[in-house]
Amino acid sequence: MSRSVALAVVLITLGLAADMTAAAAERVGIGHAISPQDFAAWDIDVRGDGAGLPPGQGSVTQGREIFSQTCAACHGDKGEGRAVPGAVGGFDRLVGGFGTLDTASPTLTVGSYWPYATTLFDYVRRAMPFNAPQSLTNDQLYAVSAYVLYMNNIVPEDAVLDALTLPRVKMPNQEGFITQDPRPDVRSKP
Amino acid sequence: MVKPHAVKGTPSQQLPDRRAVLKTGAALSAFVGGASVPSLSMAQAATGLSLTVPEWMKVQGRGILSPPYGVPSPFEKDVVRRQREVRVTDTAATSFSPLQNSFGTITPNGLCFERHHAGVPSIDPDRHRLVIHGLVERPLVLTMDELMRFPSVSRIAFLECSGNTPNWKSVNPDFGVQQTHGLLMCCEWTGVLLSTLLDEVGLGPEAKWVLAEGADAAAMTRSVPIAKALDDAMVVYGQNGERLRPEQGYPLRLLLPGYEGNMNIKWLRRLKLGDQPFETREETSKYTDLMPDGKARQFTFVMEAKSVITRPSGGQRLSGGPGFYEISGLAWSGHGRIDRVEVSTDGGQSWHEAQLQEPILSKAVVRFRAPWRWDGKSALLQSRAIDETGYVQPRHGELVDVRGVNSFYHYNAIQTWSVNPDGKVAIHVA
């Protein structure tokens with residue numbers, strides 16, 4: 001190999017190495033900047049403290065109508081759930097079960113177990129009705145949330161819920177959760 | 001040699017029929033025959049086969065590309081995922097992996113368990129997007145092509161549903177290991193470290209949690225602590241050498257090695273950084289552990305050390321009579337590496353260290369094996385895993401003494417299979 005060719009090889013190698021070092025140290029620079037308006041249709045989460053709740057409102061009375069049309073077929077007229085012969089589990093019960101969490105047969109419902117009322121809005125908004133998720137309007141979501149809470153005796157019959165009032169609804173089991181993982185809690189020995 | 005016997009239940013619940021296992025049995029019976037040099041005549045006697053030249057040696061076999069994407073032998077048709085019980089829908093449902101037929105540690109893509117909350121969406125990867133926003137400096141949207149240009153990594157990791165093993169209150173005598181432990185998979189995953197993506201968008205100082213959201217009809221969401229996101233979390237598009245299967249989140253899923261399955265959001269479309277957990281339905285009303293005092297544990301993410309013997313296991317039969325059998329199974333820990341596995345054949349009175357198959361990887365399934373010479377009497381087979389933190393897989397009594405029987409998730413106690421003198425293996429009903 002001539003001296004000049006060898007030098008060129010060294011330079012190319014050095015140059016390549018420098019490119020690769022730089023690539024590892026910097027941002028990759030791939031992707032597109034995006035603004036909140038661009039992903040508004042996707043930004044549907046509602047947090048425990050109500051952050052993310054949209055404008056709109058709904059009453060227990062409006063919710064009763066929506067529930068009977070779009071929810072009761074699975075969850076029952078009174079939110080009692082529905083067993084299906086031959087199937088395990090059945091459709092979720094939404095109402096009742098108070099005072100059962102420390103018994104042999106706990107009944108976990110929105111009323112007896114769920115710590116945040118906002119979660120009801122968030123979940124129904126993203127996943128219900130089962131056959132048509134993300135089809136309810138914001139007003140309908142507030143209304144049907146109000147009705148499920150009313151059936152659990154958590155809000156009065158004249159309640160109207162919106163972005164301000166829904167997060168203020170105190171759920172019976174709000175203090176029922178231990179948020180620090182206490183494990184390892186079972187100490188076995190070889 | 002390990003043959004299934006009939007189990008009650010619907011056809012979808014039944015364990016594989018005899019033929020698939022007989023094939024294995026024929027090969028093994030020569031070895032277990034007792035002679036140091038396997039004898040053909042013994043094999044003939046044991047199987048009733050005479051060694052004529054089979055028809056498949058007298059004609060050309062199938063040509064290449066038939067089919068272009070290979071599938072298992074038709075003789076393995078019973079090695080499939082199964083439903084354990086009929087549910088009210090088949091989209092919010094679960095199917096279980098046939099661990100009794102597993103070898104080694106990697107789960108074939110077509111046998112990985114399924115847990116869907118709203119079915120498997122059919123997603124065009126060209127139309128799929130990942131949005132990263134919230135408490136970040138530069139909110140970003142990425143196409144799949146763009147994501148796959150990022151620096152990539154591969155790792156082997158297990159993934160277990162925290163609802164795996166429903167033994168809290170009782171055991172179902174008809175269940176085999178597919179039904180008790182089949183919500184487990186271990187795959188090689190390829191994708192981008194989440195820390196790489198968070199570097200790209202610039203993490204805000206207040207960011208403590210990441211909301212991960214799927215593009216299914218449940219828009220499944222879970223909150224992930226930032227420490228995990230920056231540690232070993234990945235967004236993955238590759239699984240065992242190919243693109244993710246639709247049932248596993250095609251074209252993109254979150255992977256949180258060692259964390260409960262539900263958090264590994266499939267069909268991942270959005271990551272939102274926040275300063276507190278989002279309190280989604282799946283981290284409040286579900287995937288929380290109800291204790292005897294009526295309080296529930298929330299944010300119990302790590303899957304603690306666990307093991308199970310897959311062979312011999314419930315529904316199989318020691319058909320070769322007394323003699324040599326290899327006990328083989330799987331062990332794993334969400335806290336890191338498995339340090340050792342011990343096996344008992346007398347219901348836990350005495351323990352023997354099993355051999356672990358290399359490589360022993362952190363937060364991955366390890367295969368253990370122990371030789372056993374069965375004396376033809378009743379036996380109780382158990383395994384227990386000890387991980388690198390010193391944690392010992394507990395006995396059932398030790399677990400329920402602390403947590404009661406209503407916590408539903410994170411059951412990891414020792415599993416017992418009983419062997420009857422007739423060779424039948426079944427779940428042990430205490």
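As the structure is a prediction and not an experimental result, all values here were calculated from the model. Throughout, protein chains are lettered first and strands after them, A, B, ... in sequence-line order, and every chain is numbered starting at 1.
Side-chain N/O atoms of S307(B) and Q393(B) include a donor and acceptor closer than 3.5 Å. Inspection of the S162(B) and E260(B) side chains reveals an N or O donor paired with an N or O acceptor under 3.5 Å. Judged purely by distance below 3.5 Å, without hydrogens or angles, the side chains of S333(B) and D387(B) pair a donor atom with an acceptor atom. H75(A) and D92(A) are not linked by any side-chain donor-acceptor pair at a separation below 3.5 angstrom, with hydrogens and angles left out of the test. Side-chain contact, N412(B) with Y391(B): a donor N or O sits under 3.5 Å from an acceptor N or O.
Residue P36(A): no heavy atom, backbone or side chain, is found under 4.5 Å from chain B. For R138(B), the part lying under 4.5 angstrom from a heavy atom of chain A is the side chain only. The parts of F299(B) that come within reach of chain A are both its backbone and its side chain, each placing non-hydrogen atoms under 4.5 angstrom from that chain. For D38(A), no part sits under 4.5 Å from any heavy atom of chain B, backbone or side chain. With a 4.5 angstrom heavy-atom cutoff, L140(B) touches chain A via backbone and side-chain atoms both. Proximity to chain A (any heavy atom under 4.5 Å) is restricted, for T89(B), to the side chain, taken from C-beta onward. With a threshold of 4.5 angstrom between heavy atoms, N406(B) approaches chain A through side-chain atoms but not through N, CA, C or O. Using a 4.5 Å cut-off between heavy atoms, P292(B) contacts chain A through its backbone alone, with no side-chain atom that close. Residue E213(B) touches chain A through its side chain alone, counting heavy-atom pairs closer than 4.5 Å. Residue contact with chain A, scored on non-hydrogen atoms closer than 4.5 Å, involves the backbone of P277(B) exclusively. At a 4.5 Å heavy-atom cutoff, the contact between I44(A) and chain B is made by backbone and side-chain atoms alike. When heavy atoms are compared at a cutoff of 4.5 Å, R270(B) approaches chain A solely by way of its side chain, counted from C-beta outward. Heavy atoms of V201(B) lying under 4.5 Å from chain A are absent altogether. In this structure, chain A has a heavy atom under 4.5 Å from the side chain of H410(B), while its backbone stays farther away. Only the side chain of R403(B) comes within contact range of chain A, with heavy atoms under 4.5 Å apart.
The side-chain tip of K228(B) points at the ring of Y259(B) from less than 6.0 angstrom away and within 45° of straight on. At least one test fails for R281(B) against the ring of W114(A): distance under 6.0 Å to the centre or angle within 45° of the axis.
For the set G52(A), S35(A), A127(A), the entry with the most heavy-atom pairs within less than 4.5 Å of chain B is A127(A). Contacts with chain B were tallied for P184(A), G176(A), G48(A); G176(A) has the most, counting heavy-atom pairs under 4.5 Å. In terms of non-hydrogen atom pairs under 4.5 Å with chain A, the most contact-rich of V405(B), T389(B), V302(B), D199(B) is V302(B). Heavy-atom pairs under 4.5 Å with chain B were tallied for V46(A), D181(A), V84(A), V88(A); the largest tally goes to V88(A). Counting heavy-atom pairs closer than 4.5 Å to chain A, the top residue among M291(B), K295(B), M220(B) is K295(B). Residue with the most contacts toward chain B among G90(A), A83(A), C74(A), A51(A): G90(A) (heavy-atom pairs, distance under 4.5 Å). Options T119(A), D45(A), L101(A), L108(A) differ in how many heavy-atom pairs under 4.5 Å they form with chain B, and the most are formed by D45(A). In terms of non-hydrogen atom pairs under 4.5 Å with chain A, the most contact-rich of D216(B), T221(B), I132(B), L142(B) is T221(B). Of the residues considered (K169(B), R87(B), E200(B), R395(B)), E200(B) shows the highest number of contacts with chain A, using heavy-atom pairs under 4.5 Å. When each of K272(B), R384(B), Q276(B), E342(B) is checked for heavy-atom pairs under 4.5 Å with chain A, Q276(B) comes out on top. Between chain A and the options V402(B), T300(B), L399(B), heavy-atom pairs under 4.5 Å are most frequent for T300(B).
Using a 4.0 Å cut-off between charged side-chain N and carboxylate O, R149(B) and D145(B) make no salt bridge. Using a cut-off of 4.0 Å between Lys/Arg side-chain N and Asp/Glu carboxylate O, R64(A) and E157(A) are scored as salt-bridged. Classification of R129(B) and E146(B) as a salt-bridged pair fails, no side-chain N sitting under 4.0 Å from a carboxylate O. By the 4.0 Å N-to-carboxylate-O rule, E304(B) lies too far from K306(B) to be salt-bridged with it.
Each of L136(A), I66(A), V144(A), V124(A) was evaluated against P129(A); a single residue qualifies, L136(A), per the side-chain contact (heavy atoms from CB on, under 4.5 Å) test.
In this pair, Y411(B) and W168(B) present their aromatic rings perpendicular. The plane angle is above 60°, beyond the 30 to 60° band.
In this structure, the side chains of V343(B) and W351(B) stay at 4.5 Å or more apart for every pair of heavy atoms.
Less than 6.0 angstrom separates the ring centroid of Y113(A) from the ring centroid of F177(A).
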